[in-house]
Amino acid sequence: MRPARPTHHDAARRRLLRGMVAAIAAIGLATPALAEGPWQRLDAARSVLGDAEPNTQGLVLDLPHVSEDGASVALTVGFDGELADDDYISRIDLFATANPSPEIATFHLTPLSGKPEISTRVRLNETQQVIAIATSHQGERFATAREVRITVSGCLMRNGGDQPEPLSNPRVSVPSSFTAGQPEAVRTLINHPMETGLREGADGEVVPRHIIERFTVSLNGETAFEAELHQSISASPYLLFYLSPDESGEALFEWQDDTGNSATHEASIQAG
Amino acid sequence: MNHRHNRSGLTRRQLIKGIGAASLLPLMGSAPFAIGGQNAGRVLVVGGGFGGATAAKYLKRANPAIEVILIEPNETFYTCPFSNLHLGGLRQMDAIAHGYAELEDRYGVRVIHATAEDVDADAHQVTLSTGRKLDYDRLVLSPGIDMRWNALEGYDEEAAEKAPHAWKAGTQTELLRSQLEAMDDGGTFVMVAPANPFRCPPGPYERASLVANYLAQYKPKSKVLILDAKDNFSKQGLFTAGWERLYGDRIEWVGLSNDGRVTRVDADRLEVETEFGTVHRADVLNVIPPQKAGWIAERAGVTDDSGWVPVKAETFESRQVADIYVVGDATVAAPMPKSGFCANGQAKVVAAAIAASLESRPAPEAYWTNTCYSLVGPEYGISVAGVYRVQDGVIAEVEGAGGLSPADASDATRALEAEYAVGWYNAICQDTWGTPLGGRAT
Ligand SMILES: Cc1cc2nc3c(=O)[nH]c(=O)nc-3n(C[C@H](O)[C@H](O)[C@H](O)COP(=O)(O)OP(=O)(O)OC[C@H]3O[C@@H](n4cnc5c(N)ncnc54)[C@H](O)[C@@H]3O)c2cc1C
């Protein structure tokens, strides 16, 4: 079978949409990039934004339009907007507007993180908007939102299944070597039930909340990347983020859960 | 042939016929005049699988005056349903083969064996591989799936000759079967299973079951390893219980949270590597890669950036291009699964909607059912059923309707369900091609 020739429909449609946005801007919205967004209607998001009006250009949220398993929806948030040369994205917050508690995670980035882009997997109870807010070191704010439709089909019905052992099997994948100034992807995965505290067990009793709350990565003792996790992160948290180490040494990965237990993993880093 | 259409579905020929065109305009939309006879409109159907063959037949049943042309390159269609039985050595390819004679002879569908190469939606015209151009009033696309080659590093068309997907039935199925037969006892059959959405959610696990059944009999020292990009799969509890019951620990399943997601395939060495760097060596390697709508859908401009086709729930008309209807695996129809049963049901809704629109009638209300049978063993069947309706403009599962086979069913019940699965297969093939039990052209 012969391979598909790319169509121009999509590109044309996108051009059209962009044109429309520009046209609307021209007819008088004073600050089109600061348009009303769902973050204004969510207290948790407003408390991150403060009085700031976020820029709606630059922060990109990638999620499927439709997901057939709300227990694990792949999400990527990244920033490709404009910032001052000496500025960087230092914090990204994620919210699920219609989950019982909307906080998904807060990521703290440093110059050693290199590139503000993070992938994880989240729980979404129902069809809803997911919000991302990014804050730069110098206090600039960016926001974006995406609608995700959740349709858990009977054909994919979940059967509960075995709960993973908390904090078991930490896995880390780091590149064999880094080039100075070139951020590279690092992946981490650890087994944990991430009990939401909202689920009933087989005995009809609510299973108590039990989650990993904090994940930290340090390079030669200096914090490079940190994540605060909430109930809306899927079981067995997965995180893909970037590191840009300026010298070789040791990377330490640590997961802490709400019972005070933790797991660690060490990796040596080659940078040159 | 001059067969231009206008928005109401009437061809220009019909409009000009006899009466002054202007005087007709006020009538359009109300009375179904000038319909019937030989000018009821022309519908092209691309793809003669579960969705397309059903749509062609039911269009003719709705109104025999509609000219229906089915475009399908192959003279014989091999069904994916029951192709896992061939892999497991339980059914010959002939017994999953179907032809188009019944659609032609009994229902008056015109079948052209060619590939639709291009769609010009503005001109309402399809170009065939033969160079021929055909005009349409309505177009139905049921092209099934295509593989997203190289979305999984190292897995392209060439790699599929060594590590078959067998996710379209035919030569790929036979290739995988011959590799399984040639495998030494003690070998490992490794299956790479994709993330959602993909064709036939329970399919990989039925396949693992029937491969294990074959190995248990003929190569008892051999194993099945499933590396999965998901943590949950269809009928998971029923499958795992069935595996334990029938195959002990012969089948090992590694899910996403335990580094089951494969990120690189080396088809020459029959090796796969997972996201966290574990390399698994296979003796037979079955890679079911990420998928998208059949390529003609993209060419027709009906796919979105997910690679699948968004449709209007009530009619399965494309949300992006007027007068093109899409059914089956190519569509975004969740929570309906990508199954042959759903493709068949969606095609009936489309046939009714098109027949109505050609007469300027509103489409009848749509609802669907689905039953997915899976064989865990030749005499061990399980199923899941669902009922679907349109709610607030989207397809929704009717709560409390349908459900799974009981978790604690007796062996006798499992054996009955295996029989029902065969009954289901014969019935749906009879409904779709008019040929149960692999009658090619009776
Ligand atoms: C292993 C396996 C087991 C399965 N078991 C079941 C089951 O038990 N029950 C169930 O309900 N479903 C089952 N399915 C799913 C089922 O096969 C699909 O859902 C079904 O085939 C979808 O129908 P369709 O019409 O969308 O595509 P298909 O049936 O694949 O038909 C597509 C047709 O379009 C043709 N085509 C493609 N492009 C063009 C073009 N450009 N021009 C002309 N023709 C074209 C192709 O040649 C093909 O004949 C199974 C699938 C697999 C892989």
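Because the structure is predicted, anything quoted here is derived from the model rather than measured. Proteins come first, then strands; the chains are lettered A, B, ... in the order of their sequence lines, and each starts at number 1.
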Proximity breakdown for A/Ser67 and chain B, heavy-atom pairs closer than 4.5 Å: neither

Residues A/Val66 and B/Val332: closest non-hydrogen pair is CG2-CG1, 3.9 Å

With a cut-off of 6.0 Å (strictly less than), are more than 12 heavy atoms of other residues, nucleotides or ligands near CD of B/Glu244? no

Heavy atoms of A/Thr151 and B/Ala334 approach each other most closely as OG1-CB, 3.3 Å

Keeping the roles fixed (side chain from A/Asn169, backbone from B/Asn258), state whether a donor-acceptor pair exists under 3.5 Å. no

As an exercise: rank A/Ser234, A/Ser173, A/Pro237 by heavy-atom pairs under 4.5 Å with chain B and give me the winner. A/Ser173

Is it true that atom CG of A/Asp203 has more than 12 heavy atoms of other residues, nucleotides or ligands lying nearer than 6.0 Å? yes

Given side chains that start at C-beta, do those of B/Lys230 and A/Asp69 come closer than 4.5 Å, heavy atoms only? no

Which value, rounded to the nearest 0.5 Å, describes the distance between B/Glu275 atom CD and A/Leu240 atom CG? 7.0 Å

For B/Ile395, is it the side chain, the backbone, both or neither that has a heavy atom under 4.5 Å from a heavy atom of chain A? backbone

Identify which part of A/Ala235 has an atom lying under 4.5 Å from any heavy atom of chain B, answering side chain, backbone, both or neither. backbone

Rounded to the nearest 0.5 Å, how far apart are CD of A/Glu68 and CZ of B/Phe198? 9.0 Å

Inter-residue atom distance B/Asp231.CG - A/Tyr238.OH, 0.5 Å rounding: 12.5 Å

Between CE of A/Met194 and OG of B/Ser257, what distance do you get to the nearest 0.5 Å? 11.0 Å

